[in-house]
J.: 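Can you read through this structure? Questions will come right after.
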Amino acid sequence: MTPGDRAAELARLGGAIESTRPPSSDRSELPPLPGAAEGNVVLRLAPFPNGALHIGNARMLYVNDEYRRRYKGKLYLVFDDTIGSEEKRVDPEIFNVILNDLTIAGVPPDAVFYKSDRIPRFYPWAVRVIEKGGAYLCTCPAELLRRNRESGTPCPERSQTVETTLEGWEKMLGGAYAPGEAVLRLRTDLADPDPAFRDRVLMRLSDLEHPRVGRKYRVWPMLEFSWAVDDVELGLTHVLRGKDLVIEDRMEEFIWKLLGVKGPPFLHWGLLRLREAKIAKSKSFKEVASGVYDGWADPRTWSIDSLARRGIRAEALRRFTLSFGLSLSDIEVPAETLYAENRQLIDATTPRKSFVPDPVLVEVDGAPELGTVSLPNHPDHPELGRREVPAAPPYWLPRAELERHAGEELRLKDLLNLVLPTGPVPAGTPTLRAHFAGRENKKLPRIQWVARAGSVPVELLELDGSRRTGRAEASLLTAAPGDIFQFERVGFVRLEDRWKRGTEPVLACFGHP
RNA sequence: GCUCCCGUAGUCUAGUCCGGCCAAGGAUUCGGCGCCUUCGACGCCGUAACCCGGGUUCAAAUCCCGGCGGGAGCACCA
């Protein structure tokens with residue numbers, strides 16, 4: 001049937017039925033949580049404390065928080081600080097960093113738990129699993145264990161009796177084994193098609209010193225087992241986690257089925273990366289520790305803290321991360337998308353200022369008497385008021401523009417037109433001489449300027465960690481740390497917290513275009 | 001190699017479960033125009049997508065089969 005025939009046929013039958021399809025919304029909404037009702041939802045955040053929260057973690061934060069809000073539920077922060085490994089150590093400083101990150105992000109936890117406080121709770125569960133015949137004590141070296149798992153070969157201990165396992169478990173707890181000499185393994189199925197799921201380790205030994213509990217415990221749970229226990233003991237109703245942790249679902253469900261307990265369902269999302277932020281937490285950790293980076297708020301870490309430092313609102317981050325829904329695809333998004341979100345939030349209320357990067361002093365021959373000019377703080381929002389700025393030459397002008405437009409006529413925005421001298425701009429700190437060319441608002445390239453008499457030095461921290469110097473309007477001196485401005489033709493910036501009002505140079509951090 | 005997940009425009013996403021209101025909606029980017037004394041904002045216009053191949057069906061982005069591509073897991077890390 002052609003579209004025309006179809007329309008005719010439709011008309012003959014009495015016209016189309018009114019569409020019941022809901023209009024697709026411009027902002028996608030998260031799907032409902034299965035089995036959730038207002039007031040009965042308990043969720044958790046479980047970051048490993050080895051670094052500040054970054055953009056990838058933000059998704060975990062806001063998805064969980066969004067559901068907490070929607071169902072008026074609870075959201076726990078559970079530090080996943082089991083003992084880790086030599087390569088993956090718990091950083092004692094980081095507990096507070098993460099707590100602070102949550103505050104910045106606007107996601108306050110309803111309660112805070114530390115896995116390291118809960119170690120003894122895992123022991124009786126281990127015994128329960130053993131008594132169900134679900135585990136055995138394996139003394140294979142790690143290397144052999146791995147090979148056997150791959151080939152599906154059982155080690156001799158796999159067939160040990162429950163009694164033997166219980167004895168072995170007691171010996172393990174009692175200190176009869178050194179780290180690496182024995183582990184408690186789950187008895188799944190060595191023929192499981194997924195090699196990753198074969199007889200995984202439940203509990204193991206470690207002599208590493210834990211930053212919170214020292215050497216109080218030697219027998220530590222593996223992540224999956226600890227969650228099989230805590231997701232039940234903490235009364236969680238849903239577990240929302242990245243899809244990199246799907247095998248943990250299977251482990252937990254296997255254990256729950258074995259013990260006949262009921263655990264929460266799992267929901268996942270895919271990996272989220274910012275194109276510009278191809279950084280690993282461990283790399284940032286190294287650079288922060290060695291002092292190459294200016295702490296976790298260094299823009300190069302792309303941590304939540306660093307985004308706040310740049311003036312990116314938590315709300316922008318929230319909208320940004322929620323816009324991806326619960327999609328399972330691994331995605332890489334340009335930071336511009338986040339900037340667009342933030343711009344939408346702050347543009348209308350952000351005052352404009354003139355900032356001249358890499359400034360060169362320029363005298364203007366033939367200029368009329370110029371005292372001050374009155375400029376709007378925002379071109380589209382008069383309610384933000386106006387400001388008076390000194391307007392007499394000489395002016396600081398951006399070196400890059402002087403070079404690009406040598407010998408040409410251009411316009412100092414909102415002020416006057418001038419003709420630049422020809423030839424290259426000498427290095428160093430020369431004073432150039434330009435010629436006045438009227439005040440008429442002509443169609444000319446427009447550049448920002450600041451009169452020498454009304455300027456202050458500014459140090460602008462860039463995203464690559466470098467510091468750019470420039471001159472800006474002196475009115476910046478009366479602003480407060482944390483204030484956000486748009487430097488015209490440059491971008492949005494935020495005044496640094498460590499800057500003191502009234503002091504020079506003014507310290508600012510670049511946010512985004 | 002084995003297991004699981006994912007594949008809609010440049011980049012994301014809605015739609016896929018329950019086939020037809022989808023000649024595919026939204027955001028962002030990009031291009032053009034307008035406006036404003038910013039390369040910002042706003043308005044209008046535009047470019048642009050169902051991974052490929054079969055099958056089922058009157059009808060497939062949606063169901064089935066087979067490929068291909070990408071990601072993750074296969075740690076006594078989390």
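Residue numbers begin at 1 in each chain, while the letters A, B, ... track the order of the sequences.
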J.: Pairing check on B/G34: which nucleotide meets the Watson-Crick or G-U wobble criteria with it, both distances under 3.5 Å?
T.: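 Across all strands, the one nucleotide that pairs with B/G34 is B/C42.
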J.: Just to be sure I understand the rule, does A/Pro334 reach a base, reach only the sugar-phosphate, or reach nothing, if contact means heavy atoms closer than 4.0 Å?
T.: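 Sugar-phosphate: the residue A/Pro334, judged by heavy atoms under 4.0 Å, touches backbone atoms but no base.
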J.: Grab the CG-P distance between A/Leu328 and B/G15 for me, whole Å please.
T.: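 Between P of B/G15 and CG of A/Leu328: 13 Å.
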J.: Dump the intermediate steps for ring pair (Phe, Tyr, Trp, His ring centres under 6.0 Å) on A/Tyr114 and A/Phe95, then the final yes or no.
T.: CA-CA 10 Å; A/Tyr114 295 82; A/Phe95 295 105; 5.4 Å; yes
J.: Give a yes/no verdict on a cation-pi contact between A/Arg59 and A/Phe324, requiring under 6.0 Å between NZ or CZ and the six-membered ring centre and an angle within 45° of the axis.
T.: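 No, a cation-pi geometry is absent between A/Arg59 and A/Phe324.
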J.: Among A/Arg387, A/Arg386, A/Arg352, find the one that has a side chain to side chain contact (heavy atoms under 4.5 Å, CB included) with A/Asn377.
T.: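 Among A/Arg387, A/Arg386, A/Arg352, the one meeting side chain to side chain contact (heavy atoms under 4.5 Å, CB included) with A/Asn377 is A/Arg387.
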J.: Roughly how many Å is it from CG in A/Asp330 to C1' in B/U11, rounded to a whole number?
T.: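 Going from A/Asp330 (CG) to B/U11 (C1'), I get 15 Å.
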J.: Please determine whether salt bridge (charged side-chain N to carboxylate O under 4.0 Å, His left out) holds for the pair A/Arg146 and A/Glu150, giving the CA-CA distance in whole Å, both sets of side-chain angles, and the decisive distance to 0.1 Å.
T.: CA-CA 6 Å; A/Arg146 204 173 305 139; A/Glu150 207 166 305; over 6 Å; no
J.: May I ask you to verify whether the side chain of A/Gln486 and the base of B/U38 hold a donor-acceptor pair under 3.5 Å?
T.: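 Counting by modelled atom types and ignoring angles, a donor-acceptor contact under 3.5 Å is found here.
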J.: Name the residue closer to the 5' end of RNA chain B, choosing between A/Ala142 and A/Leu412 according to the nucleotide with the nearest heavy atom.
T.: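 Looking at the nearest nucleotide for each, A/Leu412 comes out on the 5' side.
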J.: Using Watson-Crick or G-U wobble geometry with both distances under 3.5 Å, which nucleotide pairs with B/A72?
T.: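 Answer to the pairing question: B/U3, which forms a Watson-Crick or G-U pair with B/A72.
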J.: Do any side-chain nitrogens or oxygens of A/Thr82 fall under 4.0 Å of OP1 or OP2 in B/A78?
T.: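 For B/A78, OP1 or OP2 has a side-chain N or O of A/Thr82 closer than 4.0 Å.
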J.: Of the candidate nucleotides B/U13, B/A41, B/U28, which contains the atom at the shortest distance from the side chain of A/Phe324?
T.: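 Closest of the options to the side chain of A/Phe324: B/U13.
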J.: According to the Watson-Crick and G-U wobble definitions, with both distances under 3.5 Å, which nucleotide is paired to B/G19?
T.: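 The base-pairing partner of B/G19, which may sit in any strand shown, does not exist here.
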J.: Are any non-hydrogen side-chain atoms of A/Leu322 and A/Glu66 less than 4.5 angstrom apart?
T.: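 With C-beta onward as the side chain, the pair touches.
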J.: Paired with B/A9: which nucleotide, if any, by Watson-Crick or G-U wobble criteria at under 3.5 Å for both distances?
T.: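 Partner of B/A9: none.
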J.: Counting only side-chain heavy atoms from C-beta out, which of B/U37, B/G73, B/U28 sits nearest to A/Arg411?
T.: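 Selected nucleotide: B/U37.
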J.: Do any side-chain nitrogens or oxygens of A/Arg446 fall under 4.0 Å of OP1 or OP2 in B/U37?
T.: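 For B/U37, neither OP1 nor OP2 has a side-chain N or O of A/Arg446 closer than 4.0 Å.
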J.: Could you tell me how far B/A24 sits from B/C36 if I compare only their C1' atoms? Round to whole Å.
T.: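 It works out to 36 Å between them.
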J.: Searching all strands shown, indicate the nucleotide that pairs with B/G66 (Watson-Crick or G-U wobble; both distances under 3.5 Å).
T.: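 Pair assignment: B/G66 / B/C52.
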J.: Can you identify which nucleotide, out of B/A78, B/C5, B/G40, has its nearest atom closest to the A/Leu223 side chain?
T.: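 The answer is B/A78, which lies nearest to the side chain.
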J.: What nucleotide, of B/A78, B/G40, B/C76, holds the atom closest to the side chain of A/Val183?
T.: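 Given the options B/A78, B/G40, B/C76, the side chain of A/Val183 is closest to B/C76.
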J.: Want to settle it: does A/Glu488 or A/Leu326 sit nearer the 5' end of RNA chain B, counting the closest nucleotide to each?
T.: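 It is A/Leu326, whose closest nucleotide lies nearer the 5' terminus.
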J.: Taking CD1 from A/Ile83 and P from B/A78, how many angstroms apart are they, rounded to a whole number?
T.: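 Answer to the nearest Å: 9 Å.
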J.: Nearest to the side chain of A/Pro195, which nucleotide is it out of B/U11, B/C76, B/C2?
T.: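 Closest of the options to the side chain of A/Pro195: B/C2.
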J.: From CZ of A/Phe254 over to P of B/U3, roughly how many Å is that when rounded to an integer?
T.: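 From A/Phe254 CZ to B/U3 P: 19 Å.
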J.: Could you check whether the side chain of A/Glu341 and the base of B/A27 have a donor-acceptor pair of N or O atoms closer than 3.5 Å, going by distance alone?
T.: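 Check fails, no donor-acceptor contact within cut-off.
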J.: Quick check: closest heavy atoms across A/Cys138 and A/Cys155, and the distance to 0.1 Å?
T.: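 Taking A/Cys138 first and A/Cys155 second, the nearest heavy atoms are SG-SG, 3.8 Å.
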J.: In whole angstroms, how far is the C1' atom of B/C12 from the CD1 atom of A/Ile55?
T.: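 Between C1' of B/C12 and CD1 of A/Ile55: 14 Å.
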J.: Let's see if you can work this out: which of B/C2, B/A75, B/A78 has an atom nearest to the side-chain heavy atoms of A/Arg149?
T.: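 Closest of the options to the side chain of A/Arg149: B/A75.
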J.: Once you apply the 3.5 Å cut-off to both distances, tell me the Watson-Crick or G-U wobble partner of B/A61, or none.
T.: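 By the stated definition (distances under 3.5 Å), nothing pairs with B/A61.
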J.: Which whole-number value in Å describes the distance from A/Lys442 NZ to B/U37 C1'?
T.: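 After rounding, the gap between these two atoms is 14 Å.
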J.: Remember a base hit wins even if backbone is also touched, and classify A/Met222 as base, sugar-phosphate or nothing at under 4.0 Å, heavy atoms.
T.: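 Sugar-phosphate, no base atom in range.
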J.: To the nearest Å, how far apart are A/Arg198 CZ and B/G73 P?
T.: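 Going from CZ in A/Arg198 over to P in B/G73 covers 18 Å.
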J.: Please tell me which of the listed nucleotides, B/C76, B/A78, B/A41, lies nearest to the side chain of A/Leu245?
T.: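 Of all the options, the side chain of A/Leu245 is nearest to B/A78.
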J.: Contact class for A/Asp80 vs. all strands (heavy atom < 4.0 Å): base, sugar-phosphate, or nothing?
T.: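 Sugar-phosphate: the residue A/Asp80, judged by heavy atoms under 4.0 Å, touches backbone atoms but no base.
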J.: Looking only at N and O atoms, is any donor in the side chain of A/Arg275 or the base of B/U11 less than 3.5 Å from an acceptor on the other one?
T.: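 Looking at the base of B/U11, it does not pair with any donor or acceptor on the side chain of A/Arg275 (distance under 3.5 Å).
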J.: Can you tell if the side chain of A/Lys243 reaches within under 4.5 Å of the side chain of A/Phe266, non-hydrogen atoms only?
T.: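 No. Closest side-chain heavy atoms not under 4.5 Å.
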J.: Output the distance between atom OG1 (A/Thr82) and atom NZ (A/Lys88), rounded to the nearest 0.5 Å.
T.: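 It is 10.0 Å, given to the nearest 0.5 Å.
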J.: Write down the distance between CZ (A/Arg200) and C1' (B/A78), rounded to a whole number of angstrom.
T.: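 Rounded to whole Å, this separation is 11 Å.
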J.: Could you work out which one of B/C76, B/C12, B/U28 sits closest to the side chain of A/Thr337?
T.: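 The closest nucleotide is B/U28.
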J.: Return the nearest nucleotide to the side chain of A/Phe48; candidates are B/C74, B/U28, B/A78.
T.: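 That would be B/A78.
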J.: Counting only side-chain nitrogens and oxygens, does A/Arg343 get under 4.0 Å of the OP1 or OP2 atom of B/A41?
T.: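 Answer is yes, contact under 4.0 Å.
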J.: Compare side-chain N and O positions of A/Ser327 against OP1 and OP2 of B/U13 and report whether any pair is under 4.0 Å apart.
T.: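 True: A/Ser327 side-chain N/O within range (under 4.0 Å) of B/U13 OP1/OP2.
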J.: Please tell me which of the listed nucleotides, B/A41, B/U37, B/U13, lies nearest to the side chain of A/Ser329?
T.: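 Comparing B/A41, B/U37, B/U13 against the side chain of A/Ser329, the answer is B/U13.
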J.: Would you kindly check whether a donor in the side chain of A/Asp380 faces an acceptor in the base of B/G40, or vice versa, at under 3.5 angstrom?
T.: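 Yes, the side chain and the base share a sub-3.5 Å donor-acceptor pair.
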